**Q** 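Just passing along the structure, written as structure tokens.
Order of the sequence lines fixes the chain letters, A, B, ..., with proteins taken first and strands second; residue numbering starts at 1 for each chain. Side chains included, hydrogens not; waters and symmetry mates left out as well; all remaining heavy atoms used. In this text, all values refer to a predicted model and were calculated from it rather than measured experimentally.
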There are 2 protein chains.
Amino acid sequence: MSKGTVGGGGTTMLRRINVASVLDAVRRSAPAPLRVAELVERTGLARPTVAQAVDELLDAGWLQQHGPDSADRSLGRPAIRVSLRGRAAPVLGLDVGPHRVTVGVSDLAGRKLSLVRRSGPGWTAQELLGVIGEVITEALAEAEVPAEDVAAVVAASPGIVDEHTGRVQLVPSVPGWSAIDLIKHVRGLLDCPVMLDNDANLAALAIAAARGGTGTLLAVQWGERLGAGIVIDGRLHRGTGAAGEIGFIATGPDDVINPEDSRGPLERAVGSEAIAALGRQAALDHPESRLAELGGDQLDTADVFAAAAERDPVAQAVVQQVARAFARALAPSILVLDPTAVVIGGGVARAGAVLLDAISDQLRLLTLNHPKLELSALAEDAVVTGAMRMALDEVWQRKLPTPAMTSTT
Amino acid sequence: MSKGTVGGGGTTMLRRINVASVLDAVRRSAPAPLRVAELVERTGLARPTVAQAVDELLDAGWLQQHGPDSADRSLGRPAIRVSLRGRAAPVLGLDVGPHRVTVGVSDLAGRKLSLVRRSGPGWTAQELLGVIGEVITEALAEAEVPAEDVAAVVAASPGIVDEHTGRVQLVPSVPGWSAIDLIKHVRGLLDCPVMLDNDANLAALAIAAARGGTGTLLAVQWGERLGAGIVIDGRLHRGTGAAGEIGFIATGPDDVINPEDSRGPLERAVGSEAIAALGRQAALDHPESRLAELGGDQLDTADVFAAAAERDPVAQAVVQQVARAFARALAPSILVLDPTAVVIGGGVARAGAVLLDAISDQLRLLTLNHPKLELSALAEDAVVTGAMRMALDEVWQRKLPTPAMTSTT
DNA sequence: AGTATTTACGAACGCTCGCTATCTATACTG
DNA sequence: CAGTATAGATAGCGAGCGTTCGTAAATACT
């Protein structure tokens, strides 16, 4: 019964294609309302066709009608304008960490309706599920979205996520944590598709969407842990499921991966804990340095970068060492992927230009096409934003009958 | 005048979609001929629609009609069967190296019609153009394809190729060689689109096509030079144009890329020349070894692997060293890409299991998901095959109006 | 050898849809 | 208050697909 090739059919298929084409055109210009004439121009369809499609979409609740714009003082009869009715299918993004739960609600147009964050001092797995439920209801209330309207949920989880089964390897930090339980729990609260993905992947998706356009993006999440997501022309690259695990890159000439350890060599070498440790050691060796002054005994990763920004040579040496190790580890992948840009997010990204310049200098020696090196502008919201983004993509893919639309906006 | 979104139109558009759908169904089952009833089943269209489309495609020369199969002893009136008329748009693949020119002609169904190879002791750029012309006409004659029928040409060139302009950086080996001249020259001989791409990319495309299906493939070409191509779900990944340049991966802790040098650190460390040099040195150090016996003074890369296969410890040590350096250089990229398979082709691939096992052992220590590690079955034909494949893809993309077809065969 | 059966091709009819052209409605301008 | 420009609504036409029926060609049975 499996039809091999979709793509043809009767005239009703054609109709659906055209309706989808109109809807897609509206989506592209969201949140700006569009006049029918503009839709005619953008879709290349005839006016009656577009009008009929718009009627249909209005009835189905996908579009909403606007009154004539008071600012639009043009000649002639004022045009009816339509725009995406975002609340037709709101989506939910989850970012679940051991100490923090973030939930975001977005409408179809990608407008953020609400964002609720709750921090705690480390929950148990059971408590965490409870907290997640609370935060979800809170976020939905704030967005004024009934639970039954939610069209898709994407949750972010650290570790390596099997895209379909939702199984997670290498789960850290929360004992007894199971993403399968999470999925079940959420599906119990909200009757809609629930998906799970790696947090670095989702952050990459968000950053790619913010940058827009095509090309290859390597988005590094750099905190205590180290991961990366790859987005190629808007699509996430997953490999067999574990793509982007840069934390496990070997650094020393004799490093190997220890399957028992949930952290990889590069994480141990340049993760935020390692940076702080290097800083503390340097402060001990050079008690006269600005670094030692700043940090004292409770020296933090941020202190290292602050001291380096003040041109303390001791701190600068630490940053140099970290940048060198990072660049050497990443350079092979940059040569292979040849990305348009490399974006660094996560806690360490707060270091700013000090670190970025040091890495950039190193990469210049080790790569052919030097990609743009940037800091993530999304800061700590990257993962939730990406989760919402992915949920949106899922909804659109499910709702739009036409598989591929040309992306020439 | 630029219409933003294609995808809708009148009924003629629908017709074109359906015709394309039928053509695509025939293509999928090539070279097996299909009955109309089978096409009806596979496309999901009604019989008259399919029949009309088939008529149209027969008139246009895309399909050819078969007599009833004598082996098909079924009841009832024998069905007319149609199959792809490969000669409707034959394509040409070129593999141009300093010492060897290979030209392949393929029909639309991917059947190899001819393959002509000519070797020489190093031509000048001018001579090379002449040789290329000769080999092309020879290959076309053998395939019985008139020059004016050729629908697309793809040429392989070493170095980094800008996909559109055809400009080449890092050209080695042939002084005065310009890929632009090549394109002009070929376009003079054959009036059709001529494209150029990196040889490693094309080899990767061929290997991916041979393996079939989806997933991520990292195809390494390992000879004197070292390059790789990445194919993700059938599509080549180019990055900004220089993806896959693994030859430039730094090996030593202080390696840097020298922009003046056309060869990169890894090439210098484990290219076939380097392997031979390591072998010669080992033979000098251990004149009693099997390696020294085999190779003598003119010791070759092949001798090293042969001696290692005979369990000569000296040669095995060399292989071990090479495998280690290669695996350490490639491991980061495998972690990032997480490919389904890594396939090694090129001259060094002739080493066989000795090298493969050594690399595999190393990679097991350095990666999370261990990809399948294989040798290319295509041997020296990989690049031409890939060139033909790419030319085919180009023709199909140009001819099929529908952008995306589901790939669930 | 003649008939029945099975399978496939071919043609006519009706339906839906989109495009062109025309007409009506609305608001601003002089 | 008339004129004009823009937008929305409506009728007619053409094209394509799907359904249905009739016909052709081969095999199997009597």
**Q** Could you list all the salt bridge (charged side-chain N to carboxylate O under 4.0 Å, His left out) pairs where at least one residue sits in residues 53-62 of chain A, not counting sequence neighbours?
**A** Arg15(A)-Glu56(A)
**Q** Do the side chains of Asp107(B) and Lys112(B) get close enough for a salt bridge, i.e. N-O under 4.0 angstrom?
**A** no
**Q** Can you sort out the partners of Arg77(A) under side-chain hydrogen bond (donor to acceptor under 3.5 Å, both in side chains), two or more places apart, ordered by chain and number?
**A** none
**Q** Could you tell me whether the phosphate oxygens of dT16(C), OP1 or OP2, come under 4.0 Å of any side-chain nitrogen or oxygen in Thr12(A)?
**A** no
**Q** Expressed as a whole number of angstroms, how long is the span from Leu45(B):CG to dG18(D):C1'?
**A** 10 Å
**Q** Send over the distance from Gln52(A) CD to dT10(D) P, rounded to a whole Å.
**A** 12 Å
**Q** Out of dG8(D), dA8(C), dG18(C), which nucleotide sits closest to the side chain of Arg47(B)?
**A** dA8(C)
**Q** Of Thr11(A) and Asp55(B), whose closest DNA chain C nucleotide lies nearer the 5' terminus?
**A** Asp55(B)
**Q** In whole angstrom, give the distance that lies between atom CZ of Arg15(B) and atom P of dG18(C).
**A** 18 Å
**Q** Please pick, from dT6(C), dG18(C), dA8(C), the nucleotide with the shortest atom-to-atom distance to any side-chain atom of Arg35(B).
**A** dA8(C)
**Q** Mind checking what makes side-chain hydrogen bond (donor to acceptor under 3.5 Å, both in side chains) contact with Asp393(B), not counting sequence neighbours?
**A** none
**Q** Can you check the Ile17(B) CD1 to dA15(D) C1' distance for me, whole Å?
**A** 14 Å
**Q** How many angstroms lie between OG1 in Thr214(B) and CZ in Arg235(B), if you round to the nearest 0.5 Å?
**A** 11.0 Å
**Q** Can you check the His66(A) NE2 to dA7(D) C1' distance for me, whole Å?
**A** 18 Å
**Q** Using atom CD of Glu41(B) as one end and atom P of dT7(C) as the other, report the distance to the nearest whole Å.
**A** 14 Å
**Q** CG of Asn18(B) versus C1' of dC17(C): gap in Å, rounded?
**A** 14 Å
**Q** Are any protein N/O atoms closer than 3.5 Å to N/O atoms in nucleotides 21-26 of chain C? If there are, list each pair with its distance.
**A**
{"residue": "dA25(C)", "atom": "N3", "partner": "Arg77(A)", "partner atom": "NH1", "Å": "3.4"}
{"residue": "dT26(C)", "atom": "O2", "partner": "Arg77(A)", "partner atom": "N", "Å": "3.4"}

**Q** Which whole-number value in Å describes the distance from Leu58(A) CG to dG8(D) P?
**A** 12 Å
**Q** Only counting residues at least two apart or in another chain, list the ones meeting side-chain hydrogen bond (donor to acceptor under 3.5 Å, both in side chains) with Arg27(B).
**A** Asp24(B)
**Q** Which residues pass the side-chain hydrogen bond (donor to acceptor under 3.5 Å, both in side chains) test with Ser29(A), sequence neighbours left out?
**A** none
